[in-house]
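Structure first, commentary second.
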Amino acid sequence: MPRLLVLEAFLDEPECERYGLELAHGAGLEPGTIYPILVAFEAAGWLTSRAEEVDVHAEGRPRRRYYRLTAEGVAAGRAAIAVRKQRTQPGARRLAW
Amino acid sequence: MVSPDRAGEPAQQHKLTRAERAAVAALCHLLPSGFRSRQRDEWTADLLSFASGAVTRWRYLVSAAWTLPALRHAARRGGFADLSTVAPVPGALTSTAHLFLLGLGWPVLSWLIMVPLTYVAADVPGRIDRTGALVDPKALWPTNGLFVVLLPLEVLLRLGAWAAILGGPLLLGAFGASGLVLAVARCRRSGRSRLVIAAVGLVCLALAAVAGLVAGLAWSYGAVHPDAFGLDSGRTVAVLGTAAGILALAGRRLETRTRSALAVLSILAVTVPIVHGTTTGAEMLTWYLD
């Protein structure tokens, strides 16, 4: 379940802001597949996001977007993971893609 | 707080090839217009951070293309027009929509199944003509043998149909019960959201109980004629159906299927008193109430 993997990555440090690629690595997802999940979570009110404040010319790349769990997202994420753990045997995490 | 290991990431000096830029542009073109710029920045920044080469970048682009329909759907659902951030669907709006779907959907669908569909499918007018006797609606539902398992369904449908026909406290009670069911069923939602919808359900049930008690007392003391309350022939359902229709039209940030279901429910609900106003509808209603 890619969504649960993303939630787990967020909940490792719920207060921490992270960008998409960093989260994909943390969750063990194929890079490039994480944005539908992030946008869906944000649409559900589980995440907030902000554009990075950097000089794009100095950085040589566009601004990244940083995502952070909301209080609702923390609660919902923990609940979803708890439900998942109840339903499945503890086993090795596998790549979801 | 930005994650410390990434905050000070050095500037990337790679550049995308023309083909890679074209691929990003093509993918962005398939996204909602207000969302393209944001996603272009995300993808481009990610691609520029891959120092390991073209294979990694193209693999990334293929992954992005593979999940593009999901991203497109999520972006649209998030209400992107010209927003730079996603506007979340308000929890209250979704909860209200779901409460309408269950609280109004249950009585309306029950009425549809138990009154007009049963009346037509069981050929009630034909039976009355042939036998000259009344046809008991309860006798049409099979209860013998294995059909006994259908009893809870029959009770639910019968209660729902009565709520649609009588309106008032019964309909309020249907909304209250639906609120409690939703609060229990939405286990993925936050505790606060479930608490609010459970509270709404309990308030509806309490109001229904008080209204029922007052109406019962007034009736038993002869303060009002029995016909003065209760039998509104679906007019309250139609009013609530109109509200559901307004919600379907105005709730642009709701899921398409939710809005579609609300629209269908609205049409059905408004139809209830119209059907009762026809000659056949009045006969159906009389048959069911008798």
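Chain naming here is simple, since letters A, B, ... match the order of the sequence lines and numbering starts at 1 in each. In this text the structure is predicted, and so the values were computed from the model without any measurement.
Put simply, of B:H73, B:R40, B:R72, B:Q39, the one with the most heavy-atom pairs under 4.5 Å next to chain A is B:Q39. The candidate with the highest count of non-hydrogen atom pairs below 4.5 Å against chain B, out of A:G73, A:P62, A:A71, A:A40, is A:P62.
Taking B:I267 as the reference, B:T271 meet the side chain to side chain contact (heavy atoms under 4.5 Å, CB included) condition, with sequence neighbours excluded. Considering only residues two or more places apart in sequence or on other chains, B:F100 meets the ring-ring contact (aromatic ring centres under 6.0 Å, His included) condition with B:F175.
Between A:P31 and B:F50, some side-chain heavy-atom pair lies under the 4.5 Å cut-off.
Once rounded to the nearest 0.5 Å, the distance linking CD1 of A:I34 with CG of B:L71 reads 12.0 Å. Taking NZ from B:K15 and CZ from A:R61, the interatomic distance works out to 16.0 Å, rounded to the nearest 0.5 Å. Atom-to-atom distance recorded for A:L21:CG and B:E42:CD is 10.0 Å, nearest 0.5 angstrom. To the nearest 0.5 angstrom, A:T33 atom OG1 is 9.0 Å from B:Y60 atom OH. A distance of 12.0 Å separates OG of B:S63 from OH of A:Y35, quoted to the nearest 0.5 Å.
Ion pair B:R38/A:E52 not flagged as a salt bridge, since none of the NZ, NE, NH1 or NH2 atoms sits closer than 4.0 Å to an Asp/Glu carboxylate oxygen. Salt-bridge formation is detected for the pair A:R64/B:D46: a Lys NZ or Arg NE/NH1/NH2 atom is positioned less than 4.0 Å from an Asp or Glu carboxylate oxygen.
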